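Structure record follows, encoded as structure tokens.
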Amino acid sequence: MAQQPSDRLPVEDLNREQAAAEIADLSARVAEANDNYHRHDAPEISDADYDAFKARLLALEAAFPELAQPDSPTGKVGAGPAEGFGKVAHAQRMMSLGNAFTETDVQEFLTRVRSFLNLPGDTLLEMTAEPKIDGLSLSLRYEQGELVQAATRGDGTVGENVTANARTIAEIPCRLAGTVPDILEVRGEVYMSHADFRTLNGQDAGRIFANPRNAAAGSLRQIDPAVTSRRPLRFFAYSWGELSEPLASTQLEAVERLASLGFQTNPLTRLCRSLPEMIDTWTQIEQQRATLGYDIDGVVYKVNDLSFQARLGFRSTTPRWALAHKFPAETAWTRLDRIEIQVGRTGALSPVARLEPVTVGGVVVSNATLHNEDYIAGRDNAGAPIREGRDIREGDWVKVYRAGDVIPKIADVDLSRRPADSLPFAFPSLCPQCGSEAIREPGDSVRRCTGGLICPAQAVEKLKHFVSRPAFDIDGLGARQIEMFFADPALPIREPADIFTLARRDSGNLARLKNREGFGERSVEKLFAAIEDKRRIPLARLLFALGIRHVGEVASGTLARHFGTWDALVAAIDGAAREPAFAAADDKARRTALPDSPHWAELVGIDGIGSVLVNSLVTTFSQQAEREGIDRLVAQLTVLPAQSTRAVQTEISGKTLVFTGTLERMTRAEAKARAEAMGAKVAGSVSAKTDLLIAGPGAGSKATKAADLGVAVIDEDEWLRIAGTG
Ligand code: IVH
């Protein structure tokens with residue numbers, strides 16, 4: 001049951017135990033939302049929910065500081081590196097920017113800068129002003145003019161190594177001409193233009209990106225650089241990290257120097273000598289926003305004099321010498337034609353406004369989210385009026401806004417233009433897809449279909465989630481193909497297990513499929529091979545892929561690491577299902593039943609796992625139809641164990657491994673994940689610190705170097721034995 005923070009007790013009324021449980025719960029949700037947003041480029045909860053969860057978590061942490069988790073997601077700039085890329089420690093931290101929303105905020109910033117530098121109010125203080133590009137930041141390290149490393153921001157301290165991918169971007173030079181500092185870290189923004197974004201979304205079979213920023217992030221973080229090379233990414237340079245010698249003495253000249261080295265720099269950059277000039281530049285850039293052809297979300301001001309920048313330095317995550325002056329959300333009025341109800345993977349009924357298409361800040365908008373039935377009725381989750389209580393109806397004129405990354409929303413409604421015969425919107429109490437009852441549990445802001453697996457909408461959404469990138473990530477089987485197979489009476493994929501049945505060699509499906517529209521023999525072969533490849537799946541991915549409510553990627557990883565194997569996890573869940581704590585009606589009763597419920601107690605006792613999640617997990621596993629589906633799936637798979645935190649040491653714990661050559665039975669990413677799960681470190685190159693080299697066919701210089709250094713070398717068979725899957 002998703003409790004909205006505003007439904008919860010006031011922080012001051014909570015006892016320590018309640019606060020601890022809620023902190024665990026919210027930390028997991030916020031961490032997961034961070035993860036989805038930063039790593040997987042797919043926001044799953046609304047910004048408003050995210051803000052509410054985070055605000056509640058901050059309030060709880062302030063009231064109970066001793067309960068705050070050491071790795072609390074409230075203290076982070078972004079998320080840590082995504083699985084699949086090596087990690088890179090930045091030579092200099094990658095910073096974020098402080099925000100300003102009003103002229104007064106900008107004025108206060110200037111006052112702070114002057115007072116820090118002890119400059120009288122009337123001395124000239126030059127500031128640069130430039131667009132704030134809405135992409136993702138990248139740090140490019142050049143040594144002797146050669147691009148040696150490209151890294152994303154990650155959490156600011158450690159990012160992802162995306163060097164091979166960055167090399168494929170035309171606007172990122174691989175070699176710098178002319179006189180260049182020996183060490184030069186160029187920082188800037190990778191982004192995608194509106195035109196390229198539209199073309200890409202039109203051609204890519206599986207994946208529709210929500211916006212250019214997500215498309216840029218998703219394209220840069222492709223495991224295969226060949227994919228990145230086909231994506232139209234661009235790069236604006238605007239800053240730098242480590243330098244072996246200064247670039248210039250002012251910000252403006254330093255950026256000009258980057259331009260002379262072959263980088264694109266933003267042509268709208270201006271030098272300003274006063275607050276009115278800064279605001280004037282901000283206004284001019286905002287006026288050009290819709291026609292620039294790429295997304296910007298504000299203007300960045302920077303102190304021009306680099307010796308001043310050096311004196312001003314940094315706060316914990318932001319420089320004192322720079323400020324982002326954000327644009328207000330863009331809005332437009334249009335007519336709301338219809339309210340449609342979409343049914344999601346967990347059965348949530350989400351109302352969507354179908355609009356007369358309207359341009360909001362250069363982007364045509366024809367849908368907007370309406371959140372839930374309360375939002376439509378003009379009240380918030382606690383029943384207090386929003387929009388002064390004005391409800392939203394079909395046929396109304398509504399004010400739509402887009403704020404940065406998120407799905408457009410409706411801010412207001414114009415009652416003077418409401419048709420005389422309009423009626424309040426009647427939110428359905430039956431699922432529009434399967435006709436099952438849709439109920440709203442106390443404390444939940446969302447109404448949910450109770451049809452479970454019989455609801456086709458839930459089944460399709462579950463399948464799409466199952467094949468998605470952080471889940472089974474099956475090449476060539478995306479949302480589009482899932483819809484096609486789901487609707488096909490001859491080759492049905494109705495549940496995850498069917499995907500693996502489809503690909504069985506003896507099924508005759510290859511012959512059946514190969515003459516279908518869009519499928520040649522080769523592409524069917526490829527699809528089947530991609531499915532086969534995923535029959536071996538790490539425990540955490542399998543658990544996440546099941547799409548159980550509240551069991552996101554972070555929680556799946558936590559549970560996998562705790563239990564180690566599928567059997568141990570299922571034994572705990574099944575045990576908990578028979579215990580009094582699970583049968584108890586509410587959280588309080590559950591806690592009193594804990595002494596008689598050892599499995600339940602173990603589950604809720606795991607750091608970061610709350611009772612809401614455990615309840616959802618145990619409920620799902622004890623529903624017969626759901627359980628049979630899960631069992632049918634698992635019967636087709638080899639579930640790769642995780643290193644259990646309860647488990648004994650493995651033969652590679654604490655060792656440093658290097659993989660080289662081709663692995664034939666395990667992808668590199670999987671081998672790395674497996675090694676790490678077993679407590680080993682995986683390095684990219686052989687050195688005196690290497691303990692073990694795993695050499696597949698085609699191993700070259702690394703194998704020679706390992707031999708020179710006396711490092712032990714094994715082949716793939718031996719590796720599979722160590723990994724416990726040989
Ligand atoms: S300067 C130390 N300039 O905005 C300051 N950042 O919200 C480094 N960004 O992490 C940043 N356009 O990814 C700077 N013209 C610009 C920018 C810019 C976009 C991004 C950057 C930063 C984020 C902070």
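The figures here come from the full heavy-atom set of this structure, side chains too, leaving out hydrogens, waters and symmetry mates. All values derive from a computational prediction rather than experimental measurement. Whatever order the structure lists them in is the order used to number ligands and atoms, beginning at 1.
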Who's touching ligand 1 if we go heavy atoms under 4.0 Å?
Met95, Leu97, Glu130, Pro131, Lys132, Ile133, Ser137, Arg153, Glu189, Tyr238, Val300, Lys302, Pro319, Trp321
Who are the side chain to side chain contact (heavy atoms under 4.5 Å, CB included) partners of Pro267, not counting sequence neighbours?
Phe236
Verify the distance criterion only: is there a donor paired with an acceptor across the side chains of Arg315 and Thr318 at less than 3.5 Å?
yes
Would you check if there is a donor-acceptor pair between the side chains of Gln92 and Glu185 at a distance under 3.5 Å?
no
Less than 6.0 angstrom separating the ring centers of His325 and Tyr301, yes or no?
yes
Can you find a heavy atom in the side chain of Phe109 that is under 4.5 Å from one in the side chain of Asp105?
no
Can a donor-acceptor pair be found between the side chains of Asn266 and Tyr294 at a distance below 3.5 Å?
yes
